[in-house]
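Report on the following structure.
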Amino acid sequence: MRVAQVQEFGGPEVLVTASAPEPVAGEGEAVVAVDHIDTLFVQTQIRAGAFNEFFGVEPPYVPGGGISGTVTAIGPGVDAGLVGRRVAVSGAADTYAEFVAVPAAHLSPVPDGVGLREAASLVHDGVTALALLDNTALKPGETVLVTGASGGMGTLLVQFAHALGARVVGVARGPEKTALVRELGADHVIDAADSGWGRQARAALGEEGADLVLDGVGGQLGLEAFPLTADGGRFSAHGAPTGTGFAAVDPEEARRRGITLLGIGDVQLTPERRTALLGRVLTEAAAGRLRPVIGEVFPLARAADAHRAIEGRALVGKVLLAPRG
């Protein structure tokens, strides 16, 4: 089968098409014919050689993440009724491929009314977004500030928070992205391209600030978002696509103001919880309460171009791969 393989750390050009043996389902496993593959900004950072101390990845390797597809084979101990089922998987290994073998217990059925393309766009960002809102205990009537609100996860956070009955202030960059965030249900949208975005956000939030700040950007923008958190509120620094790291919030200042700090470690999930959360996310999508935003789908053979698109930030919404595209 074909895979997209990182031959060495470097730019997108190191991600090339290669051949690999087609997987065989072992005990408790199922083989999925991949329909669409989720891509993430962190995959481009790992490819470039970042975070090796955390992920321990060494080239050559096939990037991993999440997929949607159809079960084609099962191993011993697996229900034969799974064959032919449309499924999605979150947190699998070696997913830039035409076929993937995964534990059958980690499969989430894709409900009728949800396309496999849409399911793939939710396997990571939808799961993480729902975990964030569970962890931060967002309540109806609270005010939430979402930075990076036009990104793959940001668009879902805006929708989830709006559906929960929170007042949502989104931060995005540029007219196209801010218009999308407004369309998805944000009560106020701030353009991060404006140097005075912080003052505008303060005016939208009110003098007390946000009960919850969900920072998916990090770096300087994340640091500037921290003072917008209300005393006694919660601040989640879970994103760093700027390449400058997570928001470097002063923990002493947070303690003084009674602010609960959460980070990327708070959304490191067990496979069991990932699977349960993905089921909830797909149910929301099937009910029409969640709209995934997909920017572009690239053939697997153009995985390098997909990474260029992710790094270029011009596309609005998720970038996916399609092995048979």
Side-chain angles (χ1 to χ4, degrees), residues 1-26 29 31-69 88-103 106 120-121 123-125 127-128 151-153 218-219 238-246 264-265 267-269 271 274 295-315 318-325:
M1 67 171 180
R2 291 180 306 156
V3 300
Q5 185 181 80
V6 175
Q7 293 187 314
E8 59 183 326
F9 292 131
E13 69 279 359
V14 305
L15 189 56
V16 301
T17 303
S19 294
E22 190 171 317
V24 176
E29 290 187 330
V31 171
V32 178
V34 179
D35 192 83
H36 281 80
I37 303 163
D38 179 39
T39 68
L40 299 167
F41 192 89
V42 71
Q43 293 168 344
T44 71
Q45 294 172 300
I46 296 168
R47 185 215 68 229
F51 307 133
N52 196 42
E53 71 283 0
F54 183 78
F55 292 102
V57 173
E58 292 294 339
Y61 72 91
V62 175
I67 58 162
S68 65
V89 184
S90 180
D94 303 339
T95 53
Y96 282 30
E98 292 183 295
F99 295 90
V100 176
V102 296
H106 298 172
S121 73
V123 291
H124 180 273
D125 289 338
V127 166
T128 307
M153 185 160 60
H238 53 267
T242 59
T244 55
F246 299 102
I264 192 66
V267 284
Q268 301 305 303
L269 309 171
R274 275 191 176 279
E296 189 166 349
V297 180
F298 289 85
L300 182 62
R302 292 181 56 203
D305 289 335
H307 274 216
R308 289 187 184 96
I310 295 168
E311 293 172 329
R313 306 176 192 275
L315 291 176
K318 288 292 297 182
V319 173
L320 302 176
L321 295 172
R324 291 157 187 82

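- Both cation-pi conditions hold for Arg324 and Phe99: the charged atom is under 6.0 angstrom from the six-membered ring centre and inside a 45 degree cone around its axis.
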Exercise for review: Evaluate the criterion side chain to side chain contact (heavy atoms under 4.5 Å, CB included) for residue pair Leu40 and Asp125; output intermediate values, then yes/no.
Suggested key: CA-CA 9 Å; Leu40 299 167; Asp125 289 338; 3.9 Å; yes

Review point. Would Lys318 and Ile310 satisfy side chain to side chain contact (heavy atoms under 4.5 Å, CB included), going step by step from the backbone distance to the final call?
Key: CA-CA 9 Å; Lys318 288 292 297 182; Ile310 295 168; over 6 Å; no

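- Of the listed residues (Asp35, Val3, Val34, Ile67), just one forms a side chain to side chain contact (heavy atoms under 4.5 Å, CB included) with Pro323, and that residue is Val34.
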Practice item. Starting from the C-alpha separation in whole Å, work towards a yes-or-no answer on side chain to side chain contact (heavy atoms under 4.5 Å, CB included) for Arg313 and Phe41. Key: CA-CA 10 Å; Arg313 306 176 192 275; Phe41 192 89; 3.5 Å; yes

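- Taking both residues in full, the closest heavy atoms of Ala304 and Pro12 are given as CB-O, 3.2 Å, listed atom of the first, atom of the second, then distance.
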Review point. What do the steps show when you test Glu13 against Arg308 for side chain to side chain contact (heavy atoms under 4.5 Å, CB included), and what is the final call?
Key: CA-CA 9 Å; Glu13 69 279 359; Arg308 289 187 184 96; 4.0 Å; yes

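- The CD1 atom of Ile37 lies 9.0 Å from the CG atom of Leu320; values are rounded to the nearest 0.5 Å.
- In this structure a side-chain-to-backbone donor-acceptor pair under 3.5 Å is present from Ser90 to Val123.
- A donor-acceptor distance shorter than 3.5 angstrom exists from the side chain of Arg47 to the backbone of Gly11, with no hydrogens or angles considered.
- Rounding to the nearest 0.5 Å gives a distance of 4.5 Å between CZ of Arg2 and CD of Glu98.
- Here the NE2 atom belonging to His124 is positioned 7.5 Å from the CG atom belonging to Asp38, to the nearest 0.5 angstrom.
- Atom OG1 of Thr39 is separated from atom CZ of Phe298 by 9.0 Å, given to the nearest 0.5 angstrom.
- Across all non-hydrogen atoms, the minimal contact from Val62 to Ala4 is CG1-O, 3.7 Å.
- Atoms NE2 and OG1, on His36 and Thr95 in that order, are 13.5 Å from each other to the nearest 0.5 Å.
- Counting heavy atoms from C-beta on, the side chains of Pro63 and Leu15 come closer than 4.5 Å.
- Here the closest non-hydrogen pair linking Ala101 and Glu29 is CB-OE1, 4.2 Å.
- No donor-acceptor pair under 3.5 Å is formed between the side chain of Gln7 and the backbone N or O of Pro59.
- Atoms CZ and CD, from Arg274 and Gln268 in turn, are 7.5 Å apart once rounded to the nearest 0.5 Å.
- A 4.5 Å side-chain heavy-atom check between Leu269 and Val127 finds at least one atom pair inside the cut-off.
- Ring planes of His307 and Tyr96: perpendicular class, angle over 60° (limits at 30 and 60°).
- A pairwise comparison of heavy atoms in Pro23 and Val31 identifies O-CG2, 3.7 Å as the closest pair.
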